[in-house]
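Here is how names work: the chains are called A, B, and so on, in the same order as the sequence lines, proteins then strands, and each is numbered from 1.
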Amino acid sequence: MMKQQTLFQGKLTKQKDLFIPFIVAGDPHPDKTIQYALRLQEAGADVLELGVPYSDPLADGPVIQKAARRALDAGMSLRKAVEMVPELRKAGLNIPVVIFTYYNPVLQYGHEAFIDALEENGVEGLLIPDLPLEESEDLNERTKEKDIELISLVAPTSEERIKRIAEQARGFLYCVSSLGVTGERKEMAPETLSFIEKVKEHSSVPVAVGFGISSNDQVQLMRKHADGFIIGSKIVKLIESSLEVEKSGDEQEGLRHFSDEVNELVQA
Amino acid sequence: MMKQQTLFQGKLTKQKDLFIPFIVAGDPHPDKTIQYALRLQEAGADVLELGVPYSDPLADGPVIQKAARRALDAGMSLRKAVEMVPELRKAGLNIPVVIFTYYNPVLQYGHEAFIDALEENGVEGLLIPDLPLEESEDLNERTKEKDIELISLVAPTSEERIKRIAEQARGFLYCVSSLGVTGERKEMAPETLSFIEKVKEHSSVPVAVGFGISSNDQVQLMRKHADGFIIGSKIVKLIESSLEVEKSGDEQEGLRHFSDEVNELVQA
Amino acid sequence: MLTSMPNHKGRYGDFGGKYVPETLMAPLEELESALDEAMQDEDFLKQYNEELKEYAGRPTPLTYADKLTKELGGAEIYLKREDLLHTGAHKLNNAIGQALLAKRMGKDKIIAETGAGQHGVASATVAAKLGLSCKVFMGEEDIRRQELNVFRMKLLGAEVISVSSGNGTLKDATNEAIRYWVANCEDHFYLIGSVVGPHPYPRMVRNFQRIIGDETKEQMTRDIDRIYACVGGGSNAIGMFYPFLEDEVELVGIEAAGKGVDTPEHAATLTKGTPGVIHGSLTYLMQDENGQIVEPYSISAGLDYPGIGPEHANLFKTKRVRYESITDDEALDAVKRMSRAEGIIPAIESAHAIAQAIKEAKEMSKDQAIVINVSGRGDKDMATLMEHFTEEGLQ
Amino acid sequence: MLTSMPNHKGRYGDFGGKYVPETLMAPLEELESALDEAMQDEDFLKQYNEELKEYAGRPTPLTYADKLTKELGGAEIYLKREDLLHTGAHKLNNAIGQALLAKRMGKDKIIAETGAGQHGVASATVAAKLGLSCKVFMGEEDIRRQELNVFRMKLLGAEVISVSSGNGTLKDATNEAIRYWVANCEDHFYLIGSVVGPHPYPRMVRNFQRIIGDETKEQMTRDIDRIYACVGGGSNAIGMFYPFLEDEVELVGIEAAGKGVDTPEHAATLTKGTPGVIHGSLTYLMQDENGQIVEPYSISAGLDYPGIGPEHANLFKTKRVRYESITDDEALDAVKRMSRAEGIIPAIESAHAIAQAIKEAKEMSKDQAIVINVSGRGDKDMATLMEHFTEEGLQ
Ligand SMILES: Cc1ncc(COP(=O)(O)O)c(C=O)c1O
Ligand SMILES: Cc1ncc(COP(=O)(O)O)c(C=O)c1O
């Protein structure tokens, strides 16, 4: 596999066994987001997917929908999420950050201004779940110019599209484990593994699998078969339960609880 | 005017200035009907129209509809109404009695049986408001055979029909004062008088005017222009008010009140 | 010949006639001659046909019910789609015809009776369309039960007159409409909603409804073995049957058996009634031994009438048409079945015809064919249906 | 040439496209090629046209509104009568087309979103008719408000799935339907109810709705000066406009101004919105400065949508179509006016088009002519109308 020059601007320390957690910026508060991000880094996260809350998140299941609602109610926006990145850095986050956002907020921001803002704020990656290859030309160019990785996705339905998508993938290739929106899956479908194989054949970047990964068993399976795994809804749920713990104890206890649970989830 | 042989079997003592009251048999009780009939005779009635209550009295206004409802609730029927006539006689009623009934009860009774019953019970006349000339052939024949007068009606709309109807009229010719169902009219339409004139031209029997006569003024007018007048709703109303008086006094007082009111209504 | 009835006295065999107060005899004669003239007048017929086509939505389709046919495994089932007519039932065919006639006669005020409100809505509709004033008589009980249709009539600009006499239902509304007509016959046109009433109404309404059968004849590309229609007053049924009276096709009229013809709560006039006079016509009706008219019952307001058109009385007596009856429950089942098999929610009235057809179609052979007249759509019946079908009932 | 849009990327000028998760890209491609094949297939087109004719009741009439025309004293007014289509609105044209396509693609499970329930009922109807299973996604708030249509869908055998996300209205029901489709795209067909969504939906729905305009063209016996149609997602409007895009006729689309375009409560997407992506398509929409979609408002549930079909966005930008907006109150007045002038109670959606036409017709000359698309009937709106019109309001 020929590697690209700027894999997350050199911040990606390995290309296998990548742990890529997803959190919603501002859920339930911007300050908390920084805390959780640091704990995830401590727990071995290799990339942070920082989700921007959206009113109509049509690729997301109920857990992330609710988190987005909480974050919106707390006043989060695309602009604020991007501007949170320097604060994350200041607090000690070193791993690459991928901004996850639906397309409409980007469009309102304006492509040029948005990409400039990503650059200024030191964002290494961008993932837009409702912007397929066919609609991404302009942003693809613009991100390339600024060494920002525009993450592509492949899905079980992609079939002949896999090759086309994989060949131009940057950063990592997001492999959607199965049909459906984000959210836990009890089991991974057996087809998932052969699907991953196929994707890997065509990809020049690490292949990370996401959608539904929610148990250590599944993590183990992905460690074996893919180059990385993305965990979203489950992490959001762990945040929810850490907030519960916080209620009956103090903040540190909540965060400790969060770290413990994350460690247990991703342990090798 | 050529007179027919059996004008109400000789019981009609005059052919002018006829006072023909209408009451509903059994309103509010059969016993009461006899009392009211006698009082009407005392007040100068020349013919008694004895109405049979019907579920669907479509030629009647609200006053007679309500009376019919009271009588039906008290168990009155065509058969019972006819069988009441001998009792009226026994109690002293001498004037001709005309049974007023809608056609359906007659049909259920059976033409033959019904006419036999009329004869047996000494009924002199029959009036069926929803049986126009065109539908009355059979009953016309049958009543003729038994010397029972089948009363015909003419209405302001009758126009060319007047001649046809008047020429075969028996007993008296019922001249409907104006368009509409039974019930009081505040005023008689000016056309009414010319209409009566026209009817009289063709009639070989007395022409009595009905529908809406409810004041002594109207009675006076009819005494002048017609051979008789029929009073229905107003009499029924006087019965209602006599019943009111009865409530706060005794029966005799109620009947006295009734007689007074009737006298006042028809006085010359 | 059945199709040449009624005779000049308005008789269909023993039935029909004009049992009305003398006051109405002349207006009825006037109506009859105006009708006869109109039916000879090319312009009138053209206008009637144009309104049907360009306003009311005729021809209505004849739909082959392929799923229902397959499910039952018997005769091919065709549906005549009066449910697609403007305002939702066949009633408008007649209302258009009569309202045009009223206008031709120079009468710009119409009156109508209504039970559930379908004919009231149809009358209010044509009155609006043709610029006539419209008074609709409706029993106070029905006004309470059919709030929606009352509103609809008012929205269309009609005046709804509450009738409190009797039980406050259709029979009483009809009585009251007749009474009002008697008082106002000179400038008012009484627009009767079914093939009932004194001559020439049953003939006139048939004239204006026969388009249903005429179209069906033209639309069918194969022989028909049986035709089904529900019977309240009988207008949709006559409209469908009349053009077939002299053909070799079995005709089946379906009355409302309500809670069962052996209970007092039904509206099965022919099945259980006896000859008598109602609303000006000699026909079958529901009455007691004294000839007092009895209040009928059916879950479907449009069939809840104690009489029936005189022509049906004759077709019953001469056995040219077979009359059956269907209970509330059977009709409701048929609503559900038709909804699910064909995506057509029929009026509960029409569902009576459907229920009988379903019973019979499966006993027939695959090379036979039947037509069901779907006289109206079920929108007006939603409240009733919601009351009846529980959540499980809809599984 | 406007009529040759969209291009191969599903673009109408700047608008349209496919802004969907990768999972849906292949199903959309599959759909597109199946659609292209079907539209070339004589048998498919024949079946579509037959269902429209023999089941749905096409052609719908073009009614000359002579009374309204006279009252206004301006242009001749013609009404295209989609209110007479089976289930009561133009929605069925599209539902039939898509359901037949689903069947042709071997997918026997359909899903649909609905707001007020009109498209849900249309989908449930065709599903029953064609033997498909049907899940309808509906916001919990809408389920509460549209009890009757919920029942109707269940009676037709559809499963109604309550959506509690967001505000529980149409936008959220659509999100949820898309989510369900993403999870089940292999054997489910998503039957979208308007010319919205990712390519090829806007084109497909236009294909299945253009029959409205095609018929109108055929039915008009004289030149038309202007055509009016209301715009929610825009399907009835495109259906009407499309065949006229290259003709010399002025086209007017009418949005819902709700309580006024200067208040926050309206659904005037083109008048007040800005370009953005909603439900897979780049178009105009109502959003805040951060690109969050804003909940719209209109008294008419069918216009209460924050987006609009991308083809309209282009027709707006290129000025080929003029877009206007009408408030709740103006629409309600138009309901009453049309009811009384023509005996047609329109859907409140359609009344928006009527209101605008009334404003303009009186300013036009007598030798001009306009067509209003009456997209649906008002039966479904009775509860709303009853709330609004007091007794005096009906005098
Ligand atoms: C849909 C429908 N079908 C049938 C009827 C019964 O009337 P008829 O027997 O005159 O067709 C009615 C009466 O309201 C009706 O609305
Ligand atoms: C009668 C009617 N008209 C119009 C609309 C708006 O949809 P569209 O703009 O897609 O025609 C609807 C939607 O439900 C409707 O029911």
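- Both the backbone and the side chain of L156(C) come within contact range of chain D, judged by heavy atoms closer than 4.5 Å.
- Listed in order of number, the residues of residues 370-377 of chain C that approach chain D to under 4.5 Å between heavy atoms are R377(C).
- Ranked by heavy-atom pairs under 4.5 Å with chain D, the first of M338(C), E342(C), E51(C), R340(C) is R340(C).
- Contacts between K53(C) and chain D at a heavy-atom distance below 4.5 Å involve the backbone alone (N, CA, C, O).
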Quiz item: Given D83(C) and H86(D), is the side-chain contact (heavy atoms from CB on, under 4.5 Å) satisfied, shown in steps?
Solution: CA-CA 8 Å; D83(C) 61 303; H86(D) 183 43; 4.1 Å; yes

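- No more than 12 heavy atoms of other residues, nucleotides or ligands lie within 6.0 Å of CG in D223(D), so this atom counts as exposed by the packing criterion.
- Residue R81(D) touches chain C through its side chain alone, counting heavy-atom pairs closer than 4.5 Å.
- Counting non-hydrogen atoms of other residues, nucleotides and ligands closer than 6.0 Å to CD of E50(C) gives a total above 12.
- With a 4.5 Å cut-off on non-hydrogen atoms, E147(C) touches chain D through its backbone and its side chain both.
- Neither the backbone nor the side chain of A158(C) comes within contact range of chain D; no heavy atoms are under 4.5 Å apart.
- Residues E54(C) and P61(D) come closest through the heavy atom pair O-CB, 3.4 Å.
- Ranked by heavy-atom pairs under 4.5 Å with chain D, the first of L68(C), I344(C), L62(C) is I344(C).
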Quiz item: K129(C) and D66(D): side-chain contact (heavy atoms from CB on, under 4.5 Å), yes or no, with the steps?
Solution: CA-CA 9 Å; K129(C) 171 78 180 155; D66(D) 59 342; 3.8 Å; yes

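- Applying a 4.5 Å heavy-atom cutoff, the residues of residues 380-387 of chain D that approach chain C are M382(D), L385(D), M386(D).
- For the residue pair G343(D) and T125(C), the shortest heavy atom distance occurs at O-CG2, 3.1 Å.
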Practice problem: Could you walk me through whether L130(C) and K67(D) pass side-chain contact (heavy atoms from CB on, under 4.5 Å), step by step? | Solution: CA-CA 8 Å; L130(C) 299 177; K67(D) 264 181 71 204; over 6 Å; no

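- Side-chain contact between F151(D) and F389(C) is present, with heavy atoms from C-beta onward closer than 4.5 Å.
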Quiz item: Can T87(D) and I345(C) be said to form a side-chain contact (heavy atoms from CB on, under 4.5 Å), step by step?
Solution: CA-CA 9 Å; T87(D) 72; I345(C) 305 179; over 6 Å; no

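- Shortest non-hydrogen contact noted between L85(D) and L84(C) is C-CD2, 4.3 Å.
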